[in-house]
Structure formats: C-alpha cells, structure tokens
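Written out below as structure tokens is the structure these notes cover.
Computed from a predicted model, the values in this text were never measured in an experiment.
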Amino acid sequence: MKNQLLSLTIAALTAFFAFTPTSLPAQDRSTPVAEEEAEPDEGEVPEFNPEEWKKKNKEDEKQANETIRKMLKVFKPLAGEWIGTEKVEHLDERFKPLDKEWKDTWKGFFTVDGRYFEMTGQTEGAESTSYRWICTWDVREETYKAWYFGETGQTLYTGELSGDGKHVIWTVENEENGSETKFSMIPDGDRLKCSGTDKLAG
C-alpha cells in the first residue's frame with residue numbers, strides 16, 4: 001500500500017512539474033526599455049567617400065595592368081621587324097583556283113607601357129594591303145582579344161594560350177556565312193610560322 005501511494009505521489013509531482021508553466025520575473029516598470037536600433041533601409045545608399053573610391057580605383061587599375069603585362073609576355077618573341085611569305089591553299093580541288101601567295105613585311109612592338117602589343121604591316125602580291133593588329137588581355141573576360149584593321153574592314157578575334165603556353169591560338173566566327181577561322185603565330189628563334197585554317201559551313 002505504501003509503495004502504491006509513493007508511486008502515485010511521484011506521478012503527481014511529475015505531472016505538476018511537467019505541466020506547470022515556468023513563472024517569469026515581473027518587469028520593473030520604472031526601468032525604461034532600451035529602444036532597438038533601427039535597421040538601415042534596404043534601399044539606403046551608403047555615404048560616398050571620394051578618397052576611398054579613388055584609392056580602390058587605383059589599386060584595381062594597378063592590379064589589372066600587372067595582369068595584362070604578365071599575359072602579354074607571350075608576344076615578346078614577335079617583337080621586331082619581319083619579312084615573310086604567306087599563302088592560302090585549298091584542300092578541295094574545286095577551290096584550287098582560289099589559292100594565292102603574297103609577301104608580308106611587318107613589325108611588332110609593345111605600346112601604352114606594355115598594355116598592348118601591336119603589329120603593323122604591308123603586303124604585296126595577291127593580297128596588297130596595309131594593316132594593323134592591336135592585341136591585349138581582357139581581364140574581365142579572361143581571354144585574349146585582337147582587333148584587325150585593314151583597308152577593307154575590321155575584325156575582332158579572341159584567343160587562348162596554347163597547351164605549352166608559348167603562343168596564342170586566335171579564333172573568329174562569321175555568323176553570316178557560318179565560317180570559322182583559327183590561326184597561330186609560332187616563333188622559333190629568328191623564324192616565325194603562321195598557320196591556320198578557314199572552315200566554311202558545309
């Protein structure tokens with residue numbers, strides 16, 4: 001009988017502690033409640049600091065220029081004056097009459113404190129024209145870019161480093177006729193091999 005009464009007493013106490021809510025201390029009305037700091041409005045524009053802006057701009061510009069100069073080192077072997085022969089050969093016999101050959105005289109040099117590498121030249125023969133190439137590294141897009149300016153138009157090329165990191169592989173696609181051009185300028189001492197392919201749709 002005692003054991004049963006003890007069990008009932010423990011059960012009653014357990015039930016009491018389980019269901020009685022914890023009492024909270026009453027708040028002292030005389031003590032002012034600290035006001036919460038107002039959160040800044042999401043559309044609020046932070047205060048503009050011109051000195052900080054100029055400092056960050058300079059740092060970003062310096063870092064970008066260092067990256068560009070580093071990536072343009074690949075063109076160093078192309079600097080100087082060059083004389084060579086270029087030719088276009090077609091694999092398809094139907095286009096053999098369009099084969100051509102011409103002499104090319106040009107020079108390569110760095111400009112704007114190493115931010116660009118330029119090539120200016122003059123061709124003679126089947127392709128007689130003057131031209132200018134301007135090459136650089138696009139920091140934002142992480143790719144090489146080159147602008148070709150000739151007497152009959154201009155073209156934008158994009159490029160990537162070759163597997164051995166010694167030259168750039170240039171590419172341009174023509175959406176109008178579905179053609180794709182890829183070419184490289186591979187230095188070898190005092191000689192330079194320029195080779196590439198043009199692919200037409202179909």
Side-chain angles (χ1 to χ4, degrees), residues 63-202:
Q63 188 174 355
N65 286 340
E66 288 175 357
T67 302
I68 291 170
R69 292 188 192 100
K70 176 185 174 183
M71 298 305 293
L72 261 59
K73 286 180 180 179
V74 69
F75 297 116
K76 193 173 181 180
L78 304 182
E81 298 185 356
W82 301 84
I83 298 175
T85 301
E86 296 178 28
K87 60 183 177 180
V88 172
E89 295 179 321
H90 295 83
L91 298 177
D92 193 318
E93 289 296 328
R94 294 174 299 169
F95 299 109
K96 280 295 181 183
L98 299 178
D99 287 1
K100 52 191 175 183
E101 185 174 314
W102 63 93
K103 179 183 176 182
D104 193 359
T105 304
W106 60 278
K107 63 178 180 178
F109 51 94
F110 289 95
T111 58
V112 193
D113 196 24
R115 278 182 56 94
Y116 301 93
F117 182 75
E118 297 190 26
M119 295 175 279
T120 57
Q122 175 69 48
T123 64
E124 300 173 24
E127 293 288 330
S128 182
T129 184
S130 59
Y131 62 87
R132 177 185 294 269
W133 276 83
I134 302 177
C135 311
T136 191
W137 172 259
D138 190 314
V139 176
R140 182 173 296 178
E141 297 186 17
E142 296 187 338
T143 187
Y144 288 98
K145 285 189 178 179
W147 291 263
Y148 169 85
F149 300 96
E151 293 178 1
T152 58
Q154 63 278 334
T155 307
L156 171 62
Y157 290 80
T158 57
E160 60 180 357
L161 273 179
S162 59
D164 58 10
K166 294 182 178 180
H167 64 274
V168 176
I169 303 169
W170 296 103
T171 304
V172 63
E173 295 181 0
N174 189 325
E175 294 181 359
E176 291 182 9
N177 60 18
S179 67
E180 179 190 73
T181 297
K182 277 185 178 288
F183 77 94
S184 300
M185 305 174 73
I186 306 172
D188 183 15
D190 61 351
R191 298 182 68 82
L192 184 67
K193 182 181 179 182
C194 303
S195 62
T197 58
D198 290 318
K199 292 183 180 180
L200 300 178

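The structure places CH2 of Trp147 at 8.0 Å from CD1 of Ile134, a figure rounded to the nearest 0.5 Å. Separation of atoms CD (Glu124) and OG1 (Thr85) is listed at 10.5 Å; rounding is to 0.5 Å. Taken to the nearest 0.5 Å, the OG1 atom of Thr136 stands 4.5 Å off from the CD1 atom of Ile68. Within the model, atoms SG of Cys194 and CE of Met185 stand 4.0 Å from one another, a figure rounded to the nearest 0.5 Å. The CD atom of Glu86 sits 8.0 Å away from atom OG1 of Thr123, with the distance rounded to the nearest 0.5 Å. Atom CG of Asn174 and atom OG1 of Thr155 lie 8.5 Å apart (nearest 0.5 Å).
Nearest heavy-atom pair, Arg115 versus Leu72, reported as atom, atom and distance to 0.1 Å: O-CD2, 3.3 Å. For the pair Asp138 and Arg140, the tightest heavy-atom approach, listed with the atom from each and the gap, is OD1-N, 3.1 Å.
Under the 4.5 Å side-chain criterion, counting only non-hydrogen atoms from C-beta, Leu161 is in contact with Tyr144. A 4.5 Å side-chain heavy-atom check between Trp137 and Glu142 finds at least one atom pair inside the cut-off.
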Ring pair (Phe, Tyr, Trp, His ring centres under 6.0 Å) evaluation trace for Phe110 with Phe75
CA-CA 9 Å; Phe110 289 95; Phe75 297 116; 7.4 Å; no
Candidate pair Lys100 and Leu98, rule side chain to side chain contact (heavy atoms under 4.5 Å, CB included), full reasoning
CA-CA 6 Å; Lys100 52 191 175 183; Leu98 299 178; over 6 Å; no
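Residues Trp102 and Tyr131 place their aromatic rings such that the two centres sit no closer than 6.0 Å.
In this structure, the salt bridge (charged side-chain N to carboxylate O under 4.0 Å, His left out) partners of Asp92, at least two apart in sequence or on a different chain, are Arg94. Residues satisfying the side-chain contact (heavy atoms from CB on, under 4.5 Å) test with Lys107, not counting sequence neighbours, are Glu81, Phe109, Thr120. Glu89 pairs by the side-chain contact (heavy atoms from CB on, under 4.5 Å) definition with Lys87, Asp99, not counting sequence neighbours. Residues satisfying the side-chain contact (heavy atoms from CB on, under 4.5 Å) criterion with Gln63, sequence neighbours excluded, are absent altogether.
Within a 6.0 Å radius of CG in Leu156, more than 12 heavy atoms belonging to other residues, nucleotides or ligands are found.
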Identify each donor-acceptor pair in which a side-chain atom of residues 166-173 lies under 3.5 Å from a protein atom, sequence neighbours left out, and give them as a table.
unit_1 : atom_1 : unit_2 : atom_2 : d
His167 : ND1    : Ser162 : OG     : 3.3
Thr171 : OG1    : Lys182 : NZ     : 3.0

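Tyr157 pairs in a ring pair (Phe, Tyr, Trp, His ring centres under 6.0 Å) with only one of the listed residues (Phe149, Phe183, Tyr148), which is Phe183.
Side-chain atoms of Glu151 come within 3.5 Å of backbone atoms of Ser130 as a donor-acceptor pair (strictly under, hydrogens ignored). Under a 3.5 Å cut-off, the side chain of Gln122 and the backbone N or O of Thr129 do form a donor-acceptor pair.
Sequence neighbours left out, not one pair with a member in residues 185-198 passes salt bridge (Lys or Arg N to Asp or Glu O under 4.0 Å).
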